[in-house]
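Order of listing sets the numbers, starting from 1, for every ligand and every atom in it.
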Amino acid sequence: MTNTDHAPHSLWGGRFASGPDALFRAINDSLPFDWRLVRQDIEGSRAWAKALARAGVLAGEEVARLDGALAALETEAMSLAAPPVDSGAEDVHTWVEQKLVAALGPLGKKLHTGRSRNDQVATDLRLWTRAAIDERAAEIRELQRALIRLADREIDTPFPGYTHLQPAQPVLLAHWALAHFEALDRDRTRLADARARLNRCPLGSAALAGTAYPIDREALAKDLGFDAPTPNSLDGVADRDFALEALGACAVCAIHLSRLGEELIIYSTREFGMVEMDDAVTSGSSIMPQKKNPDACELLRGKAGRIIGDLVALLVTCKGLPLAYNKDLQEDKEPLFDALDHLGVCLRIAARVIDGCSFDRTRCRAAALAGFANATELADYLVGQGVPFRDAHEQVGALVRLALARGVTLEDLPLDDLRAHAPAVKGDVFGRLTLESTLAKRDVTGGTAPARVRAALARARSELGA
Ligand code: ARG
């Protein structure tokens, strides 16, 4: 039976004698998840209607009616709590067309002229990804602002610097906060770079060869906020690089958040005891009354795993696909949505965590001094006395051994003992071994000297307009 008067269930029934198997529909239908593109699908459809009018395919009056119906459809779609799977529509594009035909009859069926779901979905997904990138970038800024506030609060607080998680050299806590700020700054600009390459419009590529109607693709691209049309129709419908790049940028950002989370987990242990997190971002134990667990930070670590998984899933989906569209590409959406959603939650909670951190300045200072963190400073002092650095390194190593054996710090060793191993030491050495001197000496671009950190903080603040 042919069905030309009513809204069709599928967009391709004509050639088929029987409908799809229920199991086929279970694997093939994407409406349950591509419903998230409904806004973009309507936006793209409105622009397409205008483009068809410019091409002389639709009359001005027809475009006005299509536009009105699509605007009403958007309101209806936004009011729905869940994807309208009872509609029987295979995907979001089918649903929009079904509704349009139900509202406008034959005119609704004209909208798909010269268009394919292949260029439609590629366009929808670019529009969605572009908006999501903008949201994540704004959230990264918020987290950067939280780190600036932390650096401000702790501008004079010394903090232990580690390599191999062993005490290395003291830094300022503000320097540590700004280190994470820098990583996030790269994440933000990486997203912006991905956005710039993404911002081209595939619509008008049609199924694969380009539309057969005289569409002004430049004007169409502009209507949808794109910089230009995609230059090749095959590539326009086959390319998912924009999604891969967005996922890649998300994965790198998630890794940065996992490192930040991991540091806070360690520093908040009883053994380190340098920071306490706000109750609101931690949890207790159902059995151990004393527990305060850093769940938010653990999830920053944990979510990185799934976001990396999302990236890998789409990389593998795209690998080896022949041009142009293949149904495999329908699998692009869930990992993309998942990664951008979860990164958003992570960024927002990370800002909350940072704002709620209270650092124990006494313990931070003690930790910054511990573990012979001024040993390099003593070696540098000896270099200043004319000792070659390798010899100075050797002499200080011996002094560390001596201090360890006595259970004291380097600056606790009497001058005579210092001289026994490092004959160039003079009485002024003790001034050089203080925390303040050690910090002040790192007075280079990017160093932890207090003046440098203040300048870096001012730069960070002005960069963000914070
Ligand atoms: N639901 C499909 C997807 O997300 C839309 C494109 C369908 N194209 C096709 N030729 N069957 O990829």
Anything under 3.5 Å between an N or O on ligand 1 and a protein N or O? List each pair with its distance, or write none.
{"unit_1": "ligand 1", "atom_1": "1 (N)", "unit_2": "Ser30", "atom_2": "OG", "d": "3.1"}
{"unit_1": "ligand 1", "atom_1": "1 (N)", "unit_2": "Asp91", "atom_2": "OD2", "d": "3.1"}
{"unit_1": "ligand 1", "atom_1": "1 (N)", "unit_2": "Gln330", "atom_2": "OE1", "d": "2.7"}
{"unit_1": "ligand 1", "atom_1": "4 (O)", "unit_2": "Lys333", "atom_2": "NZ", "d": "2.5"}
{"unit_1": "ligand 1", "atom_1": "8 (N)", "unit_2": "Asn118", "atom_2": "OD1", "d": "2.9"}
{"unit_1": "ligand 1", "atom_1": "10 (N)", "unit_2": "Asn118", "atom_2": "OD1", "d": "3.0"}
{"unit_1": "ligand 1", "atom_1": "12 (O)", "unit_2": "Tyr325", "atom_2": "OH", "d": "2.4"}

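- No donor-acceptor contact under 3.5 angstrom links the side chains of His256 and Arg259, judged on distance only.
- Side chain to side chain, Thr94 and Asp91 meet the donor-acceptor criterion of an N or O pair below 3.5 Å.
- Using a 3.5 Å distance cut-off with no hydrogens or angles, the side chains of Gln330 and Ser30 do pair a donor with an acceptor.
- Note on Glu90 versus Arg117: salt bridge recorded, some NZ/NE/NH1/NH2 to OD/OE distance being below 4.0 Å.
- Remark: Asp360 CG to Ser268 OG distance equals 12.5 Å, nearest 0.5 Å.
- There is no side-chain donor-acceptor pair under 3.5 Å between Thr317 and Glu331.
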